[in-house]
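Sequence positions, counted from 1, serve as the residue numbers for this chain.
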Amino acid sequence: MGDIAEDETSFYTNAEDYWKEVPPTVDGMLGGYGSISSIDINGSKAFLQKFLGDGEGKTGTSCALDCGAGIGRISKRLLLPLFNTVDLVDVTQEFLDKAKTYLGEEGKRVGNYICGGLQDFVPESGRYDVIWIQWVIGHLTDDHLVHFLRHCQKALRPNGLIVIKDNVSYEGVVPDEVDSSVCRDLEILHGLVARAGLRIAHEEQQMNFPKEIYHVYMLALR
């Protein structure tokens, strides 16, 4: 990622410009793959529910953070049904504005709508039981991802959890010029998680996605 880091400013501004042109719909959030939304949410729910509940070491359900939240697709169908309060952060104000209607009545339990890039965002210390980071780490440079994960660790409540759900490449780092992002392989992602001082509590591949798209993995970090 060295060459990308050298031109960091355009890496971020190009991504912002790309998302400003994307329609604020489920299909827009999923790059034309709106049909996979239910498969995605069901896989995420099964993964997350392994950690939630009462008892020693279990993760609470007071407050969650949806990173790269878009119009709130994940907040609406995964996080708000499981958590008392959810905060949304996204770089595109239009998406957050849309979320306020898309989330309906349940949107009353949104604590904060935060507009900004994750490279500049510092979540509130000790606030979150779960920080959900899906299909957005490719928009961060390696160093910014490591720093963001460190901030996330400080933002967790006791027994809190960070979940990354994202595409992984077969080998190395694959740049995407269209949306100004990268896709990393699992070994590289593991290395960045370790650099951030986190350990992987559990890891799974999302099943039943279309064969032509990248493999998608879920990593629970503590």
Query raised in the report: Does any N or O in the side chain of Ser180 come within less than 3.5 Å of the main-chain N or O of Glu177, such that one atom is a donor and the other an acceptor?
Result: no

Report summary line: Value for CG (Leu65) from CH2 (Trp132), rounded to nearest 0.5 Å, stands at 12.5 Å

Query raised in the report: So, the side chain of Asp185 versus the backbone of Glu171: is there a donor-acceptor pair under 3.5 Å, distance only?
Result: no

Query raised in the report: Roughly how far apart are Leu219 CG and Ile200 CD1, rounded to 0.5 Å?
Result: 5.0 Å

Requested in this report: Taking all heavy atoms of Val168 and all of Cys183, pick out the closest pair and write down the distance.
Outcome: C-SG, 3.5 Å

Report summary line: To the nearest 0.5 Å, atom CG of Asp120 lies from atom NE2 of His147 at 12.5 Å

Query raised in the report: Under 3.5 Å, is there a donor-acceptor pair between the Ser37 and Arg73 side chains?
Result: yes

Requested in this report: Report the residues that fulfil salt bridge (charged side-chain N to carboxylate O under 4.0 Å, His left out) with Glu187, sequence neighbours left out, ordered by chain and then residue number.
Outcome: none

**Report entry** Side chain to side chain, Leu118 and Val91, heavy atoms closer than 4.5 Å
**Finding:** no

**Report entry** Any side-chain heavy-atom pair of Leu79 and Ile74 under 4.5 Å
**Finding:** yes

Requested in this report: Kindly state each residue pair satisfying salt bridge (Lys or Arg N to Asp or Glu O under 4.0 Å) with at least one member in residues 189-198, sequence neighbours excluded.
Outcome: Asp143-Arg195

Report summary line: Rounding to 0.5 Å, atoms CG (Leu189) and OH (Tyr217) come to a distance of 11.5 Å

Requested in this report: Scan residues 55-69 for pairs that pass salt bridge (Lys or Arg N to Asp or Glu O under 4.0 Å), counting only residues two or more places apart or in two chains.
Outcome: none

Report task. Using the side-chain contact (heavy atoms from CB on, under 4.5 Å) rule, take Glu94 and Ile71 through it: C-alpha gap first, then chi angles, then the decisive distance, then the call. Result -> CA-CA 8 Å; Glu94 186 190 1; Ile71 64 169; over 6 Å; no

Query raised in the report: Can you check whether Lys100 reaches Leu103 side chain to side chain, under 4.5 Å on heavy atoms?
Result: no

**Report entry** Shortest non-hydrogen contact from Gly160 toward Arg222
**Finding:** O-NE, 3.3 Å

Requested in this report: Report the C-alpha distance between Arg109 and Ser75 in whole Å, list the side-chain angles of each, state the deciding distance to 0.1 Å, and finish with yes or no for side-chain hydrogen bond (donor to acceptor under 3.5 Å, both in side chains).
Outcome: CA-CA 10 Å; Arg109 294 189 290 109; Ser75 287; over 6 Å; no

**Report entry** Common cluster, Tyr128/Val193, ILVMFWY with side-chain heavy-atom separation under 4.5 Å
**Finding:** yes

Requested in this report: Taking all non-hydrogen atoms of both residues into account, name the closest pair between Leu161 and Ala220 and its distance.
Outcome: CD1-CB, 4.0 Å

Query raised in the report: Between Val146 and Ile137, is there a shared hydrophobic cluster once you connect ILVMFWY residues whose side-chain heavy atoms come closer than 4.5 Å?
Result: yes

Report summary line: The salt bridge (charged side-chain N to carboxylate O under 4.0 Å, His left out) partners of Glu124 (sequence neighbours excluded) come to none

Query - Closest contact, heavy atoms only, Thr92 versus Cys115 - result: C-SG, 4.2 Å

**Report entry** Beyond-backbone contact of Leu149 with Ile162, side-chain heavy atoms, under 4.5 angstrom
**Finding:** yes

Cut-off 3.5 Å, no hydrogens considered: what does the side-chain donor-acceptor table look like for residues 42-52, sequence neighbours left out?
from	atom 1	to	atom 2	distance (Å)
Asn42	ND2	Ser38	O	3.2
Ser44	OG	Asp40	O	3.1
Ser44	OG	Lys165	NZ	2.8
Lys50	NZ	Glu204	OE2	2.9

Query raised in the report: Is Trp135 reachable from Ile188 through a run of hydrophobic residues whose side-chain heavy atoms are each under 4.5 Å from the next?
Result: no

Query raised in the report: Any donor-acceptor pair under 3.5 Å linking the side chain of Asp166 with the backbone of Val136?
Result: yes

Query raised in the report: Under a single-linkage definition using a 4.5 Å side-chain heavy-atom cutoff for Ile, Leu, Val, Met, Phe, Trp and Tyr, are Val26 and Leu88 assigned to the same hydrophobic cluster?
Result: yes

Query raised in the report: Which value, rounded to the nearest 0.5 Å, describes the distance between Asp179 atom CG and Asn14 atom CG?
Result: 10.5 Å

Query raised in the report: Once you round to the nearest 0.5 Å, how far does CG of Asp176 lie from OG of Ser169?
Result: 12.5 Å

**Report entry** Same apolar cluster: Val130 and Val86, side chain cutoff 4.5 Å
**Finding:** yes

Query raised in the report: Checking side-chain contact (heavy atoms from CB on, under 4.5 Å) against Ile164, which of Leu192, Leu221, Leu198 comes through?
Result: Leu221

Requested in this report: Could you pull out the closest heavy-atom pair between Glu203 and Leu186, with the gap in Å?
Outcome: OE2-CD2, 3.5 Å

Query raised in the report: Can you list the residues that meet the salt bridge (charged side-chain N to carboxylate O under 4.0 Å, His left out) rule with Lys211, with sequence neighbours excluded?
Result: none

Query raised in the report: Who are the salt bridge (charged side-chain N to carboxylate O under 4.0 Å, His left out) partners of Arg127, not counting sequence neighbours?
Result: Asp87

Query - Residues clustered with Val174, ILVMFWY side-chain links under 4.5 angstrom - result: Tyr214

Query raised in the report: Looking at side-chain heavy atoms only, is the closest gap between Phe148 and Cys67 below 4.5 Å?
Result: yes

**Report entry** Of all pairs that satisfy side-chain hydrogen bond (donor to acceptor under 3.5 Å, both in side chains), the ones with a partner from residues 148-162, not counting sequence neighbours
**Finding:** Asp129-Arg157

Query raised in the report: Mind checking whether Phe209 and Asn167 have side chains closer than 4.5 Å, heavy atoms only?
Result: no

Query raised in the report: Do any pairs count as a ring pair (Phe, Tyr, Trp, His ring centres under 6.0 Å) and have a residue in residues 170-192, sequence neighbours left out, and if so which ones?
Result: Tyr170-His215

Report task. Determine the minimum heavy-atom distance between Leu140 and Tyr12, stating which atoms define it. Result -> CA-OH, 3.6 Å

**Report entry** Summary of ring pair (Phe, Tyr, Trp, His ring centres under 6.0 Å) pairs that have at least one residue in residues 73-115, sequence neighbours excluded
**Finding:** none

Query - Residue pairs fulfilling side-chain hydrogen bond (donor to acceptor under 3.5 Å, both in side chains) with at least one residue in residues 17-33, sequence neighbours excluded - result: Trp19-His139, Tyr33-Glu212

